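Worth knowing before you read on, the calculation uses all heavy atoms, side chains too, and leaves out hydrogens, waters and symmetry mates. A quick note: this is a predicted structure, and the numbers were derived from the prediction, not measured.
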Amino acid sequence: MISYVRGKLAAVEPEKAIVDVGGVGYGVYMPQQALSLLPQPGNEVKLYTYLNVKEDAMQLFGFLSRDDLEIFRLVIGVSGIGPKGGLNILSGMTPDELRFAIMSGDAKAISAAPGIGKKTAEKLIVELRDKVDIGDVLDHAAHGPGEDVYTSGAESGMQAEAVQALVALGYGSAESLRAVRKTSPECTTVEDMLKEALTYLY
């Protein structure tokens, strides 16, 4: 099993990154959002990987953090969703957005991924709802991969309330989470957070 690859980023292709490890170029399939966050070719990268072995091929799927890899493993553990389907889901939403979509039962957001129908999205929600919680979404890295920025317990609680309120107003779980995460540290109440988040939704 290949747990991770570390080496020089040789190229970024439409669906994968090519990583030069000791003179061997590994093609690593990645979500589109993760590909967009890679540095320029020539820089060193470390990708956490999942090796998918089929009768006619071996494919490496890569992620920027162990956390991203873990949610991918959970997704492909759902019957009917293979590695390509998992990659499609995580190309349309970040792991945290997916977690919140699961928690809030937002099958519409999940089924927006190519090849993922409503029934499959609903099945994913049912099977994974007990495996994620709000702490996974809001208590860890706040702004992006590789940043050691963490929210306090109080701030996490306010963010959770604000996101849930926006979902109750009819906004999608993923867009609500994105909007709340954009709010400034000056927001000291849920009401302040909601007001500012709404400006990003119009």
Side-chain angles (χ1 to χ4, degrees), residues 1-103 106-133 136-137 140-141 144-146 173-174:
M1 173 120 187
I2 302 174
S3 298
Y4 67 84
V5 295
R6 180 169 60 192
K8 184 184 295 185
L9 181 63
V12 177
E13 298 182 356
E15 294 185 334
K16 62 186 176 182
I18 309 299
V19 183
D20 183 332
V21 182
V24 178
Y26 289 86
V28 185
Y29 291 92
M30 299 180 67
Q32 289 300 319
Q33 294 194 56
L35 283 171
S36 70
L37 294 172
L38 290 173
Q40 292 295 314
N43 287 285
E44 183 175 282
V45 293
K46 181 178 181 180
L47 304 176
Y48 296 90
T49 55
Y50 172 85
L51 178 62
N52 183 49
V53 180
K54 302 193 299 183
E55 289 182 6
D56 58 346
M58 289 194 298
Q59 297 171 311
L60 267 181
F61 294 83
F63 303 88
L64 298 174
S65 71
R66 288 191 184 93
D67 179 69
D68 293 1
L69 174 59
E70 179 58 30
I71 191 68
F72 175 76
R73 287 180 180 277
L74 288 176
V75 169
I76 65 174
V78 175
S79 177
I81 302 179
K84 284 288 188 181
L87 207 64
N88 286 340
I89 292 173
L90 290 170
S91 287
M93 52 187 8
T94 67
D96 280 349
E97 289 166 355
L98 175 57
R99 286 190 177 94
F100 200 86
I102 292 168
M103 289 161 42
D106 191 351
K108 182 179 178 182
I110 297 170
S111 63
I116 305 297
K118 184 180 178 184
K119 287 186 178 180
T120 302
E122 290 171 346
K123 184 177 183 181
L124 184 149
I125 289 168
V126 169
E127 292 192 21
L128 299 188
R129 183 170 273 157
D130 292 338
K131 298 181 181 180
V132 298
D133 59 49
D136 290 332
V137 180
H140 90 323
S173 57

What's the spacing between [X] [atom1] and [Y] [atom2] if we round to 0.5 Å?
X	Y	atom1	atom2	value
Gln32	Leu87	CD	CG	8.0 Å
Ile71	Ile76	CD1	CD1	11.5 Å
Gln33	Thr94	CD	OG1	6.0 Å
Met103	Asp130	CE	CG	12.0 Å
Asp106	Met93	CG	CE	6.5 Å

Between [Y] and [X], is there a side-chain heavy-atom distance shorter than 4.5 Å?
X	Y	value
Glu70	Lys131	no
Phe72	Pro95	no
Asp67	Arg99	yes

State, to 0.1 Å, how close Ile81 and Gly86 come at their nearest heavy-atom pair, and which atoms those are. CG2-N, 3.7 Å

Is it the case that over 12 heavy atoms from other parts of the model lie below 6.0 angstrom from the NZ atom of Lys84?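 For Lys84, atom NZ is crowded (more than 12 foreign heavy atoms under 6.0 Å).
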
Is it true that a side-chain atom of Thr120 and a backbone atom of Ile116 form a donor plus acceptor pair closer than 3.5 Å?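 No, because the side chain of Thr120 does not come within donor-acceptor range (under 3.5 Å) of the backbone of Ile116.
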
Donor-acceptor pairs under 3.5 angstrom involving side-chain atoms of residues 42-51: please list them, not counting sequence neighbours.
unit_1: Asn43; atom_1: ND2; unit_2: Gln40; atom_2: O; d: 2.8
unit_1: Thr49; atom_1: OG1; unit_2: Ile2; atom_2: O; d: 2.6
unit_1: Thr49; atom_1: OG1; unit_2: Ser3; atom_2: O; d: 3.4
unit_1: Thr49; atom_1: OG1; unit_2: Tyr4; atom_2: N; d: 3.4

